[in-house]
Amino acid sequence: MTGTPASPPAEPVRVVVVDDHRMFRTGVKAELEEVAGDRIDIIGEAPDVDTAIAVIRRDLPDVVLLDVHLPGGNGRGGVDVLAGCVAVDSRRGRPVRFLALSVSDAAEDVIAVIRAGARGYVTKTITGTDLANAVCRVADGDAVFSPRLAGFVLDAFGAAAGEIAEVDEELDRLSQREREVMRLIARGYQYKEVAKELFISIKTVETHVSSVLRKLQLSSRHELTAWAMGRKLV
Amino acid sequence: MPTPYAAAPAAAPPRLVRPLAGRQVAGVCAGLAEHLGVPVRVIRLIMLVLLAMGPGVVAYVLLWALTPEVEATPGKPGAPGEQRSLFDGPMLVIAGAVVAFVGVAWLAQRSGVDLRLGVLLPLLVIAVGTVIGLSQLDAARRTRWLAGSGWQTAARLGLGVIVTAGGILALVTRDAPISQTWDIIVAVIVVLIGAGLLVAPWGVRVLAELRAEQAARARADERADMAAHLHDSVLQTLALIQRQSGDSARVATLARAQERELRAWLYGGGAAEASNLSGALAEVIGEVEAAHGIPVDLVMTGDREMDDGTQALVRAVREALANAVRHGRPPVSVYVEAGPTGVEAFIRDHGPGLDMEVIPEDRLGVRESIIGRMTRHGGAASSRRLDPGTEWSLTLPPPQGVTP
């Protein structure tokens, strides 16, 4: 994978790992230090919701790698952590960003954390290099979509069935361009490749992805809200 | 039941239970017939005579209360189905019995026999009320009852109480003048309320305990189910992995296959049926992964029933995937979009790339299995080189008869 972020940050991204499996935390730490020790600095970890909120509020990291299923809190796992860290800024004065990391492919898990405010969703089988790139991307404020999340978005917004927004601002449907970007990501393309394919800049690709993320969080589309209601998020 | 083997040990008489199937009221007669090895009609006839004479009532109620209820073994005569629909529930039988009784009593009275109807009728009413009320407590409906299935249960119970109270009133106020009747009504109501107050807390506690017990049993069942599944799948795979820990490719394949299976079990919920395109694709990808030991990511949006076209598409995807894992490099990914305008499939790898110009004409795999197959079903297939890798793109029109 060659998709390093456009501008490596001057100082390493400060990361907290939240996961209830110690073996997994250790593994992620070792892997990230090996492939991106210069770009990423793991400053803390937490095994449950309450510890996670305390650690994040104390250490003010740039990025939190967040497991979706966690013990403690109100029993909603990662969503509770997101709810407990609203409006917390990192040391650099930017909002703390969350990247959800899960073994689950279930649509309701994806929708739950994204609607609660996570900037991306990747599965735990991701390679170390890809994870490092995703962390840096999220730290820069971009959204990270795995192919599976892109496929889910296309499904949920009815884009696969040909529903296309008339104006870009419409929240319940994707625009033509957003749909193309999502389709390419679902096909396994890196942002760089998406940009090349559509003759647009990487920055524009990132803008489209962020806009899809915003729609995902704000849309009142039936499929999205039904899942969210089931989890008492709305 | 006669056994076909002469040497078989003499079968002990079946335990006395009340079968669910083949019953008319509460299954008492059916159970007795089974237990004694006597035709159920005979038992019913005897029971009817006994009931009409009086002591049968006590016997019947005691048998009802003390005999456990069990599902009848299938294949027995007089088992489920038509009987159940003919006599819908015990209510109809009770109504018939009442009508018959009234008729017989009227005839007897006409012919000069004094039945002392003043006593008999209220007693009958009390019995009917009790049956209506207690029929709710029958174990056959216990689960539904515990689940708290609303007003019907309450209505029946209420009706039973009212009918019983009416019977008691009629019995007690038989010869009393109107003035005393009200006193008696009040007394009866007070006694009923008092009894209710005494019994209610106990009843509520028993109900709560029953609910808790049922929930605990459901949880235990689920745990046992899960333990069995994990043992059959995950533990076996872990054992295999430990034994082959030197062969990292094999370990990765095993872990991947197990992960897919567990995932399907946990999140699948029966969605992955092979009769749908998504299920068929998942199956094919599983086979390719198992055969080549290279992980393949499938992303699917929409779905479609399997037909000739999608069958061809799945075979073509399989062929393209086989090429990708053989000549390409991971990650290998498949994206399939099924919508009203047809199906599109993309298969991508990150290998050195496959050039259509340099493919020899005799390479049947690519030419025939992918391109030819798709064209024959009205679709198309093409491949192109990407910076790293190759991407196949397959398209299939919507099924005939459906306008896009």
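On a predicted model such as this, the values are computed, not experimentally measured, just so you know. Residue numbers begin at 1 in each chain, while the letters A, B, ... track the order of the sequences.
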Does B/E209 CD have over 12 foreign heavy atoms under 6.0 Å away?
yes

To the nearest 0.5 Å, tell me how far B/D297 CG sits from A/R187 CZ.
15.5 Å

Which one, A/A150, A/P147, A/S146, leads in non-hydrogen pairs under 4.5 Å with chain B?
A/P147

Which residues satisfy the salt bridge (charged side-chain N to carboxylate O under 4.0 Å, His left out) test with A/K29, sequence neighbours excluded?
A/E45

Taking CG in B/D307 as the centre, count heavy atoms belonging to other residues, nucleotides or ligands within less than 6.0 Å. Is the count above 12?
yes

State the CD1-OH distance between A/I185 and B/Y335, to the nearest 0.5 angstrom.
11.0 Å

Do other residues, nucleotides or ligands put more than 12 heavy atoms under 6.0 Å from the CD atom of B/Q311?
yes

Gap between atom CZ of B/F346 and atom OH of A/Y189 - 0.5 Å precision:
7.5 Å

What distance separates B/M300 CE from A/R148 CZ, expressed to the nearest 0.5 Å?
12.5 Å

What pair of heavy atoms forms the shortest contact from A/G188 to B/S333, and how long is it?
CA-OG, 4.0 Å

Contact origin within B/L298 toward chain A - heavy atom pairs under 4.5 Å:
backbone

Those residues that, when tested against A/R183, pass side chain to side chain donor-acceptor pair (under 3.5 Å) (two or more places apart):
B/E337, B/E344

